[in-house]
Each structure stands twice: as structure tokens, then as C-alpha cells.
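Worksheet: the structure to be examined is printed underneath.
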Amino acid sequence: MSASGGTKAIVAALAANLAIAVAKFVAFLFSGSSSMLAESVHSLADSGNQGLLLVGGKKAQREATPQHPFGYGRERYIYAFLVSIVLFSVGGMFALYEGYEKIKHPHEIEAWYWPVGVLVFAIIAETFSFRTAIKESNQVRGKLSWKEFVRRAKAPELPVVLLEDLGALVGLILALVGVSLALATGNGVWDGIGTLCIGVLLIVIAIVLAAETKSLLLGESAGTDDVKKIEQALVDDESVTRVIHMRTLHLGPEELLVAAKIAVQHDDTAAEVARAIDAAESRIRAAVPIARVIYLEPDIYRDTKSISPTP
């Protein structure tokens with residue numbers, strides 16, 4: 001994923017959420033709707049999350065140091081994981097608490113036009129943000145389904161914004177249903193039920209985000225297509241005859257480590273082996289540009305299966 005594409009989606013989501021948060025809080029002050037309060041906190045949490053993603057992207061651009069020789073690319077994963085924690089605690093748990101309190105102590109919604117009007121405005125704004133995230137994601141996801149894209153993406157920003165925007169849209173619909181039922185029946189319990197549903201939704205999304213970013217933090221290998229490209233680039237059937245074994249690891253979304261043991265000709269000189277390794281590294285970088293850290297170990301391949309056992 002290009003950094004510019006992720007940043008564009010984040011900025012669009014941040015602008016939408018800040019405007020929506022203010023509108024929702026004003027609606028809560030005039031109407032007393034718990035759904036509006038939960039949604040305003042949700043939007044504030046989302047705004048903070050987008051701020052975290054921007055900070056993580058900035059910190060990840062720092063140059064490598066002796067203490068961190070592979071750079072700071074994983075900062076983006078750390079801040080994406082923090083997003084899931086904020087979404088769970090500030091968004092989800094607060095909504096559950098507020099929904100419980102509203103069900104326990106229900107009261108009618110006042111000035112109904114405030115929550116309804118704000119919810120309609122928020123749905124329009126979130127739709128714009130969601131559309132931007134979808135557009136940017138379509139440029140990089142290729143033939144992957146949306147589920148596969150979220151699970152396989154090495155850059156966390158777009159999946160995070162996509163899930164946040166999806167959760168926001170569904171949450172707004174739940175809030176609108178809860179407010180509408182509360183207005184239609186005169187029973188504020190429906191507003192509380194809508195708030196509880198928002199809380200459950202946010203917690204589910206937070207758990208999904210935490211699981212995916214945890215995998216990235218632990219260290220994921222290159223995608224299947226990139227692994228095949230690297231293997232094909234390594235072997236030239238002259239100086240390098242095969243890949244004995246290989247490991248890949250994402251040091252960041254756009255930086256890949258490649259470590260491989262390669263088979264060279266048994267009668268090659270040290271100088272010829274060195275030239276073969278340099279040429280193999282060049283072929284890898286041409287095939288997979290994000291492969292920036294490459295370690296190749298030459299060896300003589302012996303097919304043990306073809307050696308007959310000694311009688």
C-alpha cells in the first residue's frame with residue numbers, strides 16, 4: 001500500500017469524525033439521547049485513532065540507528081494495535097456502560113429533530129469517508145476479497161480505516177433505529193438498547209483489529225506472490241542452481257527482509273560466488289522492490305535422496 005493512499009484515507013476519516021463528533025455532542029446536549037452521547041464518544045475515539053495512525057506513519061519514517069538497525073517500520077503496527085485498544089476501551093466499553101444506564105434509568109428524548117438531523121448528517125459524512133477508503137483500497141487490493149484484503153494487508157492503515165468507517169456507518173444506523181423506536185413508542189429503553197448494540201459492534205471490530213495487528217507485530221512473511229517472485233529471481237540455472245531454504249519477514253509494510261541459503265556450482269571460485277550473490281540480490285530487488293535487506297548464504301546442494309545407502 002502506498003503511504004500517500006493510506007494518509008489520504010486517514011485524513012478524510014479524521015475530518016469527517018471531528019465534524020461528526022461535534023454535531024453528535026450538540027445533539028446529545030439538546031436531546032439527552034444516550035445513543036448520541038455514545039456516538040459522540042465513538043467519533044472522538046475514531047478521531048484519536050486516526051491521529052495515532054498519522055503519528056505512527058511519521059515515526060516509522062525515521063532512519064535506522066545502531067540500536068534499531070532495521071529501522072522503525074513496525075511503528076505503524078504498534079500504533080495500529082493501540083487503535084484497537086482505544087476502540088475497545090473508549091468506544092465499546094463506554095457505549096455498553098451508557099446503554100446499561102439508559103435502560104436502567106430511561107427517559108424520553110427531547111428535541112427529537114436534533115438527534116435525527118445529526119444522524120442523517122453523520123451518515124452522509126461517514127459515507128464520504130468510507131467511499132474514500134474503499135477507493136484507495138481498490139488501488140492496492142487487486143483480486144483479493146475484502147476479507148482477504150483485511151487479513152493479508154501488510155500496511156495497517158487502510159484496513160483500520162475501512163473497519164472503523166464500516167463500524168461507524170453501522171453504528172449510526174443502529175443509533176437511528178434506537179432513537180426512532182424511542183420516539184415512536186415514547187420509551188427511552190430503545191435508545192439504551194441501540195447504545196448497547198453500538199458497544200457490542202465496536203468491541204467486535206476492536207477484537208478483529210487487535211488480532212490482525214498482533215499478527216503483524218509478531219512478524220509476517222512476504223505474500224505468496226512475492227515469495228514466488230523472489231525464488232524465481234534467485235535461480236538463474238548457471239551460478240545459482242536452486243534455493244535450498246528461504247525465510248522472509250516484513251520489517252515494516254514497505255520493507256522486507258530476505259534470508260536464503262542458495263546452491264552454487266561446486267567448482268566456482270570465491271570471486272565467482274561473490275559475483276553470483278551480488279547478481280542474485282540485484283534480481284531480487286528488481287522483482288520485489290520492497291526487499292531491501294537481503295542475506296544470502298552460498299552452499300553446495302547434495303540430494304541425499306539420490307544417494308544409495310551403503311550396503
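For the numbers below, each heavy atom of this structure counts, side chains included, while hydrogens, waters and symmetry mates do not.
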Q. What's the verdict on side-chain contact (heavy atoms from CB on, under 4.5 Å) for I193 and I103, showing C-alpha distance, side-chain angles and the deciding distance?
A. CA-CA 7 Å; I193 293 174; I103 292 174; 3.9 Å; yes
Q: Verify side-chain contact (heavy atoms from CB on, under 4.5 Å) between L53 and V161, making sure each step is shown before the conclusion.
A: CA-CA 9 Å; L53 292 176; V161 173; 4.1 Å; yes
Q: Please step through side-chain contact (heavy atoms from CB on, under 4.5 Å) for the pair K229 and R283, ending with a clear verdict.
A: CA-CA 10 Å; K229 290 178 182 178; R283 292 194 300 270; over 6 Å; no
Q | Chi angles and distances behind the side-chain contact (heavy atoms from CB on, under 4.5 Å) call for V293, V258 | A | CA-CA 6 Å; V293 182; V258 179; over 6 Å; no
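Placement of L162 and I10 within a single hydrophobic cluster is found when ILVMFWY residues are connected by side-chain heavy-atom separations under 4.5 Å, directly or transitively. A continuous path of hydrophobic side-chain contacts links L163 to L172 [ILVMFWY only; heavy atoms under 4.5 Å]. I284 and Y295 end up in different hydrophobic clusters when Ile, Leu, Val, Met, Phe, Trp and Tyr side chains are linked at under 4.5 Å. Connection of L158 to I290 is not established within any shared hydrophobic cluster, with ILVMFWY side chains joined at heavy-atom distances below 4.5 Å, either directly or through further cluster members. In this structure, V288 is a member of the same hydrophobic cluster as V227, with clusters built from ILVMFWY side-chain heavy atoms closer than 4.5 Å.
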May I have the list of side-chain donor-acceptor pairs in residues 12-30 shorter than 3.5 Å, sequence neighbours left out?
residue: N17; atom: ND2; partner: A13; partner atom: O; Å: 3.0
residue: N17; atom: ND2; partner: Q50; partner atom: OE1; Å: 2.9
residue: K24; atom: NZ; partner: E39; partner atom: O; Å: 3.3
residue: K24; atom: NZ; partner: E39; partner atom: OE1; Å: 2.6
residue: K24; atom: NZ; partner: S43; partner atom: OG; Å: 2.8

If you look only at distance, which donor and acceptor atoms sit under 3.5 Å apart when one is on a side chain in residues 206-220 and the other is two or more places apart or in another chain?
residue: T213; atom: OG1; partner: L209; partner atom: O; Å: 2.7
residue: T213; atom: OG1; partner: A210; partner atom: O; Å: 3.3
residue: S215; atom: OG; partner: E220; partner atom: OE2; Å: 2.5
residue: E220; atom: OE1; partner: K154; partner atom: NZ; Å: 2.7

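Distance check: I85 CD1 to N49 CG gives 10.5 Å after rounding to the nearest 0.5 Å. Note that the CE atom of M246 and the CG atom of L296 stand 10.0 Å from one another [nearest 0.5 Å]. With values rounded to the nearest 0.5 angstrom, R242 atom CZ is found 13.0 Å from L234 atom CG. Atom CG of D226 is separated from atom OG of S221 by 10.0 Å, given to the nearest 0.5 angstrom. Interatomic distance, L144 CG to S137 OG, rounded to the nearest 0.5 Å: 11.0 Å. Once rounded to the nearest 0.5 Å, the distance linking CG of D191 with CG of L196 reads 10.0 Å.
Minimum interatomic distance between V264 and P298 (heavy atoms only, all atoms of both residues): CG1-CB, 4.1 Å. Smallest separation of non-hydrogen atoms from G167 and L201: O-CD2, 3.3 Å. Considering every non-hydrogen atom in both Y301 and A263, the closest pair reads CB-CB, 3.5 Å. Closest non-hydrogen pair, I198 versus A175, comes out as CD1-CB, 3.8 Å.
In this structure, the side chains of L183 and V116 come closer than 4.5 Å at one or more pairs of heavy atoms. Side-chain contact check for L256 versus T248: some heavy-atom pair is nearer than 4.5 Å. Counting heavy atoms from C-beta outward, R62 and E75 have side chains that approach closer than 4.5 Å. Taking the side chain as every heavy atom from C-beta outward, V189 and K102 never approach each other to under 4.5 Å. The shortest distance between side-chain heavy atoms of R292 and L251 does not fall below 4.5 Å. You'll find the side chain of I262 stays beyond 4.5 Å of the side chain of I244, heavy atoms only. With contacts defined as side-chain heavy-atom distances shorter than 4.5 Å, the pair T241/Q265 qualifies. Inter-residue side-chain proximity for H250 and E255 is flagged as unmet; no heavy-atom pair is nearer than 4.5 Å.
Shown here is H266, whose NE2 atom has no more than 12 heavy atoms of other residues, nucleotides or ligands within 6.0 Å.
Contacts of T185 classified as side chain to side chain contact (heavy atoms under 4.5 Å, CB included), with partners at least two apart in sequence or in another chain: N187, W190. The ring-ring contact (aromatic ring centres under 6.0 Å, His included) check on H68 picks up Y72, with sequence neighbours excluded. For E272, there are no salt bridge (Lys or Arg N to Asp or Glu O under 4.0 Å) partners, not counting sequence neighbours.
Taking the centre and axis of the six-membered ring of F149, the NZ or CZ atom of R141 falls outside the cone set by 45° and 6.0 Å.
Contacts classified as side-chain hydrogen bond (donor to acceptor under 3.5 Å, both in side chains) and involving residues 114-132 (residues at least two apart or in different chains) are given here: S129-D165.
With hydrogens and angles ignored, the 3.5 Å screen pairs no side-chain donor or acceptor of E98 with any backbone N or O of A95. In this structure a side-chain-to-backbone donor-acceptor pair under 3.5 Å is present from D236 to E238.
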